[in-house]
Peer 1: 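Pasting in a structure now, in structure tokens, and then I'll have a few things to ask.
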Amino acid sequence: MSNLHNERYDEIKSLLKKSRFIFEQSPMTSDTESEPDTQINIAKDIEARASQDNKEYETAQADEKKSSPDDKTQKYRISGGILALHGKNKMDLDITTDDKLAFQETMDEFIDEVSDLVDFNTLNVYPNNVEWSGHLIDEDLNFTFTIGEDSGIYIDGTMIKIDENFDELVHKLQQYYQKFKSKWSKIIASRKKTSETNAKDN
């Protein structure tokens, strides 16, 4: 048993010695052409490369959800709410009468069918999906509706009390979501068709 402890002790001692050697190593001259006379520390150089690798990976992950620099956004204020159209060119950002009516109906129907005490956030219309969220004041609850890749209803709140009122609210949100999905799926399809027609004409 003591032999095993001694082996572990020796192994740890050896590892500590190696790590000290790397960190305390005298600087070496860089052999790169761009930095011929600069001094570098091997351990710090490895550490910097590792952290750079992590940064690049995180950026790639984050960029998947973000829009590309070519994407443009145009916001429209309609009856106190904001509708944001996202697209690659000016035609994608043009609002139609159908878009305005759908947005107005969406807010009115939500107030009638779900809750009249609500603060709506921007309704975002992308080429392939729609996202809309808001805050239900009475319940102190945030909701998000999405259509597209991650379609569904999402709710967020702190210490939500699960009772009959909550069950009823969830039921109302589910029923209203079907109407929301149907309406905005048609809008996306219509905008795609218009965009394709305009592209063929040009």
Peer 1: Identify the two heavy atoms, one from Ala84 and one from His86, that lie closest to each other, and give their separation to 0.1 Å.
Peer 2: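 Shortest heavy-atom contact: O-CD2, 3.6 Å.
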Peer 1: Assess whether side chain to side chain contact (heavy atoms under 4.5 Å, CB included) is satisfied between Asp92 and Lys72, documenting all intermediate values.
Peer 2: CA-CA 9 Å; Asp92 293 338; Lys72 296 172 176 54; over 6 Å; no
Peer 1: Would you say Leu117 and Leu169 are hydrophobically clustered, going by side-chain heavy atoms of ILVMFWY under 4.5 Å?
Peer 2: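 No; Leu169 is not reachable from Leu117 via cluster members.
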Peer 1: Can a donor-acceptor pair be found, under 3.5 Å and without considering hydrogens, that links the side chain of Ser151 to the backbone of Thr146?
Peer 2: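 Checking the backbone N and O of Thr146 against the side chain of Ser151, no donor-acceptor pair under 3.5 Å is found.
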Peer 1: Salt-bridge test for Asp71 and Lys88: reply yes if a basic N is under 4.0 Å from a carboxylate O, no otherwise.
Peer 2: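 Lys88 and Asp71: salt-bridged.
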Peer 1: Using the side-chain hydrogen bond (donor to acceptor under 3.5 Å, both in side chains) criterion, which residues pair with Lys183? Sequence neighbours excluded.
Peer 2: Glu105
Peer 1: I need the Glu168 CD to Asp163 CG distance, nearest 0.5 Å.
Peer 2: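 These two atoms lie 10.0 Å from each other.
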Peer 1: In chain order, what residues pass the side-chain hydrogen bond (donor to acceptor under 3.5 Å, both in side chains) check against Asn128, with sequence neighbours excluded?
Peer 2: Lys192
Peer 1: So, Asp99 side chain and Ile95 main chain: donor-acceptor pair closer than 3.5 Å or not?
Peer 2: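 No, because the side chain of Asp99 does not come within donor-acceptor range (under 3.5 Å) of the backbone of Ile95.
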Peer 1: Once rounded to the nearest 0.5 Å, what's the spacing between atom CG of Leu136 and atom CG of Leu173?
Peer 2: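 Here the interatomic distance stands at 6.0 Å.
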Peer 1: Which heavy atom in Ser185 sits nearest to a heavy atom in Ile147, and how many Å separate them?
Peer 2: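 Looking at all heavy atoms of both residues, the shortest contact is OG-CG2, 3.7 Å.
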Peer 1: Using modelled atom types and a 3.5 Å cut-off, is there a donor and acceptor pairing between side-chain atoms of Arg191 and backbone atoms of Pro127?
Peer 2: no
Peer 1: With side chain to side chain contact (heavy atoms under 4.5 Å, CB included) as the criterion, how do Ile111 and Val118 come out once you've worked through the C-alpha distance, each side chain's angles and the decisive distance to 0.1 Å?
Peer 2: CA-CA 8 Å; Ile111 289 167; Val118 59; 4.2 Å; yes
Peer 1: Between His135 and Asn142, is a side-chain hydrogen bond (donor to acceptor under 3.5 Å, both in side chains) present by the stated rule, with each step listed?
Peer 2: CA-CA 4 Å; His135 179 74; Asn142 298 315; 2.7 Å; yes
Peer 1: Any chance you could measure Asp108, atom CG, to Asp116, atom CG, to the nearest 0.5 Å?
Peer 2: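 Result: 12.0 Å between the selected atoms.
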Peer 1: Hey, mind stepping through Ile82 and Leu123 against side chain to side chain contact (heavy atoms under 4.5 Å, CB included) and telling me if it holds?
Peer 2: CA-CA 6 Å; Ile82 297 174; Leu123 191 150; over 6 Å; no
Peer 1: Nearest 0.5 angstrom please: Asn124 CG to Leu83 CG, how far?
Peer 2: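 One finds 8.5 Å between CG of Asn124 and CG of Leu83.
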Peer 1: Can you hop from Ile187 to Met91 via hydrophobic side chains spaced under 4.5 Å?
Peer 2: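 Shared cluster, no.
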Peer 1: When the side chains of residues 153-161 are checked against the rest of the protein, which donor-acceptor pairs come out under 3.5 Å, sequence neighbours left out?
Peer 2:
from, atom 1, to, atom 2, distance (Å)
Tyr154, OH, Asp150, O, 2.9

Peer 1: Would you confirm whether Thr106, through its side chain, and Ala102, through its main-chain N or O, come within 3.5 Å as a donor-acceptor pair?
Peer 2: yes
Peer 1: Scan for salt bridge (charged side-chain N to carboxylate O under 4.0 Å, His left out) pairs involving residues 130-146, sequence neighbours excluded, and state none if there are none.
Peer 2: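 Residue pairs passing salt bridge (charged side-chain N to carboxylate O under 4.0 Å, His left out), neighbours aside: none found.
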Peer 1: The criterion is ring pair (Phe, Tyr, Trp, His ring centres under 6.0 Å); which residues satisfy it with Tyr177, sequence neighbours excluded?
Peer 2: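 Only Phe145 meet the ring pair (Phe, Tyr, Trp, His ring centres under 6.0 Å) criterion with Tyr177.
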Peer 1: Measure the CG-CD1 distance between Asn129 and Ile188 for me, rounded to the nearest 0.5 Å.
Peer 2: 6.5 Å
Peer 1: Report whether Leu101 and Tyr76 are members of the same hydrophobic cluster (ILVMFWY, side-chain heavy atoms less than 4.5 Å apart, transitive linking).
Peer 2: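 No, Leu101 and Tyr76 fall in different hydrophobic clusters.
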Peer 1: Donor-acceptor pair, distance only, cut-off 3.5 Å: does the side chain of Ser182 make one with the backbone of Gln178?
Peer 2: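 A pair under 3.5 Å: no.
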Peer 1: Who pairs with Phe110 by ring pair (Phe, Tyr, Trp, His ring centres under 6.0 Å), at least two apart in sequence or on another chain?
Peer 2: Phe120, Trp132, Phe143, Tyr176
Peer 1: Working to the nearest 0.5 Å, report the span between NZ of Lys75 and CZ of Arg77.
Peer 2: 10.0 Å
Peer 1: List the steps and the verdict of side chain to side chain contact (heavy atoms under 4.5 Å, CB included) for Glu113 and Lys179.
Peer 2: CA-CA 11 Å; Glu113 298 173 28; Lys179 190 180 281 190; 2.6 Å; yes
